[in-house]
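Numbered from 1 within each chain, the chains take letters A, B, ... in sequence-line order.
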Protein chains: 2
Amino acid sequence: MEAKEISKAVVKRLPRYYRYLGELMEEKVERISSNDLSKKMHVTASQIRQDLNNFGGFGQQGYGYNVEYLYTEIGKILGLDTIHPMIILGAGNLGQALANYGDFEKRGFRLVGIFDVNPVLEGISVRGIEIQMISRLPEFMKENQVEIAILTLPKNKAKEMAKILIENGIKAIWNFAHTDLDAPEDVIVENVHLSESLMALSYNLSQYRNEHTEK
Amino acid sequence: MEAKEISKAVVKRLPRYYRYLGELMEEKVERISSNDLSKKMHVTASQIRQDLNNFGGFGQQGYGYNVEYLYTEIGKILGLDTIHPMIILGAGNLGQALANYGDFEKRGFRLVGIFDVNPVLEGISVRGIEIQMISRLPEFMKENQVEIAILTLPKNKAKEMAKILIENGIKAIWNFAHTDLDAPEDVIVENVHLSESLMALSYNLSQYRNEHTEK
DNA sequence: TAGATTGTTAATCGATTAACAATC
DNA sequence: TAGATTGTTAATCGATTAACAATC
């Protein structure tokens, strides 16, 4: 809320704190110290305190952090206390996998539409939502409030659709296409480049093999 | 190849260089300077030169980098010049989506098995590979060389299966389960925590809204 | 040769860790 | 109160950027 700029590294860690705190809640743990949490998460206690203090003092000296309170507060910081209407562009395997992932709904990410270019898919329901032709997208966006678009289309199609999304006032794009998108700075783009993740894995694999073979 | 330790940040950037070089090749571009590439990729030229020089001098003063050569070399660094036999654990939507992604095969990631716990799926073919019961996994791993396991199972099941994979000598796990895995340091784990990615997007969304509302 | 551009060292910037005073 | 643990400042570490000599 304050003007202080939070680093990308900190933001990337917040959801992980949130996940661990959720698990602690399930285990009925009421409070935890940065030290204990640091051991669970394999990070330093110092980093935890430093990270959390970017957003305010959630702990109490001599006591630690109240798990439920901290969980709720991080949830708010992450914007999980509001509804985010969401559409999927590309009803292939990946699009359907994401549509069927129920936990998103639980966190406020509400799927309101699914679109594809393939006429064969038109009218087929996924999670109770009928797949529509992508040509209907601009119209749909005018009639419905849409905040996030999930892009699970081939890369050439993806760039083209990103343009249309932006023209129609999309707020954020979760991009699974194997390409970078051009977007103005007021449109949030979060990339999930799966093949790049697999290549990083492959690098580490080769690296490890070399280190333990050569010599 | 040398003992020099490459930072994780550099490794994460390599696949992106690889992607851009691939695109340049498609466009028949023969050579490129760090400066031109930096403009395309929205990074500094200095970073590109610094990154590449971790692995050796691929460029030439006054000329720049030969696109095809650099592409090939980065491919080798990423281990894309060797075959990586791969299995999928969890034949749900996501598992099938990954099974059907043809580009992996092209890069040397060869799918050799798909497993699930659901007996209904037994024998069904995905990309010409029959889904097997997960109970057959240890046997399969003894009979076949398997390097990478893709984990697309619910989190409780995932931890359990990771243990079995490790006992049977898996080299790397590409983990899509919403949990961290315990693995010895000689087993590479690459996590894809999709919900965390979506939460980071959500954070940025809320953040942007605040900055442009309050004042 | 002159011009271009790398490879590489040095300077800067940012992020992580350590330390400790404040305080519950 | 004494003990525990945070919040926060200072020190360290690492990564990015700038600068430029080397060299094609």
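For DNA chain D, none of the residues of residues 18-30 of chain A falls under the heavy-atom distance limit of 4.0 Å. Using a 4.0 Å cutoff on non-hydrogen atoms, the parts of residues 41-52 of chain A near DNA chain C are Thr44(A), Ser46(A), Gln47(A), Arg49(A), Gln50(A), ordered by number.
The side-chain contact (heavy atoms from CB on, under 4.5 Å) test applied to Arg107(B) returns Met199(A), Tyr18(B), Tyr71(B), Leu80(B), Phe109(B), not counting sequence neighbours. Judged as a side-chain contact (heavy atoms from CB on, under 4.5 Å), and not counting sequence neighbours, the contacts of Lys142(A) are Pro138(A), Asn168(A). Among residues two or more places apart in sequence or in another chain, the ring pair (Phe, Tyr, Trp, His ring centres under 6.0 Å) test is passed with Phe58(B) by none. With sequence neighbours excluded, the residues forming a ring pair (Phe, Tyr, Trp, His ring centres under 6.0 Å) with Tyr208(A) are His212(A), listed by chain and number.
Helical stems in DNA chain D, defined as runs of 3 or more consecutive Watson-Crick or G-U wobble pairs with donor-acceptor distances under 3.5 Å: C:3-24 with D:3-24.
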Anything under 3.5 Å between a donor and an acceptor, one on a side chain of residues 60-69 of chain A, the other on a protein residue two or more places apart or in another chain? List them.
from, atom 1, to, atom 2, distance (Å)
Asn66(A), OD1, Glu68(A), N, 3.2
Asn66(A), OD1, Tyr69(A), N, 2.9

Enumerate donor-acceptor pairs with a distance under 3.5 Å from any side-chain N or O in residues 147-157 of chain A to protein atoms, sequence neighbours excluded.
from, atom 1, to, atom 2, distance (Å)
Glu147(A), OE1, His84(A), ND1, 2.3
Glu147(A), OE2, Arg209(B), NH2, 2.5
Thr152(A), OG1, Leu89(A), O, 3.2
Thr152(A), OG1, Gly90(A), O, 2.7
Lys157(A), NZ, Glu160(A), OE2, 3.3

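The existence of a salt bridge linking Glu196(B) and Arg16(A) is excluded, since no basic side-chain nitrogen approaches an acidic carboxylate oxygen closer than 4.0 Å. Contact check on Lys12(A) versus Glu190(A) returns a salt bridge, with a Lys/Arg side-chain nitrogen under 4.0 Å from an Asp/Glu carboxylate oxygen. Salt bridge annotation for Glu26(A)-Arg19(A): absent, with no cationic side-chain nitrogen under 4.0 angstrom from a carboxylate oxygen.
Within the nucleic acid shown, Arg31(A) has no heavy atom closer than 4.0 Å to any nucleic acid atom.
Within the structure, every pair that satisfies the ring-ring contact (aromatic ring centres under 6.0 Å, His included) test and touches residues 149-184 of chain B, not counting sequence neighbours, is listed here: Tyr101(A)-His178(B), Phe104(B)-Trp174(B), Trp174(B)-Phe176(B). Annotation: salt bridge (charged side-chain N to carboxylate O under 4.0 Å, His left out) contacts involving residues 38-54 of chain A, sequence neighbours excluded, comprise Arg13(A)-Asp51(A).
Nucleotides of DNA chain C lying under 4.0 Å from heavy atoms of chain A occupy a range whose first and last members, 5' to 3', are dA15(C) to dC24(C).
Proximity of a side-chain donor or acceptor of Asp36(B) to a complementary backbone N or O of Ile32(B) within less than 3.5 Å is not detected.
Side-chain contact, His193(B) with Asp180(B): a donor N or O sits under 3.5 Å from an acceptor N or O.
Nearest-nucleotide assignment on DNA chain C puts the 5′-proximal partner with Ala9(A), out of Ala9(A) and Gly62(A). When the nearest nucleotides of DNA chain C are assigned to Arg13(A) and Tyr63(A) by heavy-atom distance, the more 5′-ward of the two goes with Arg13(A).
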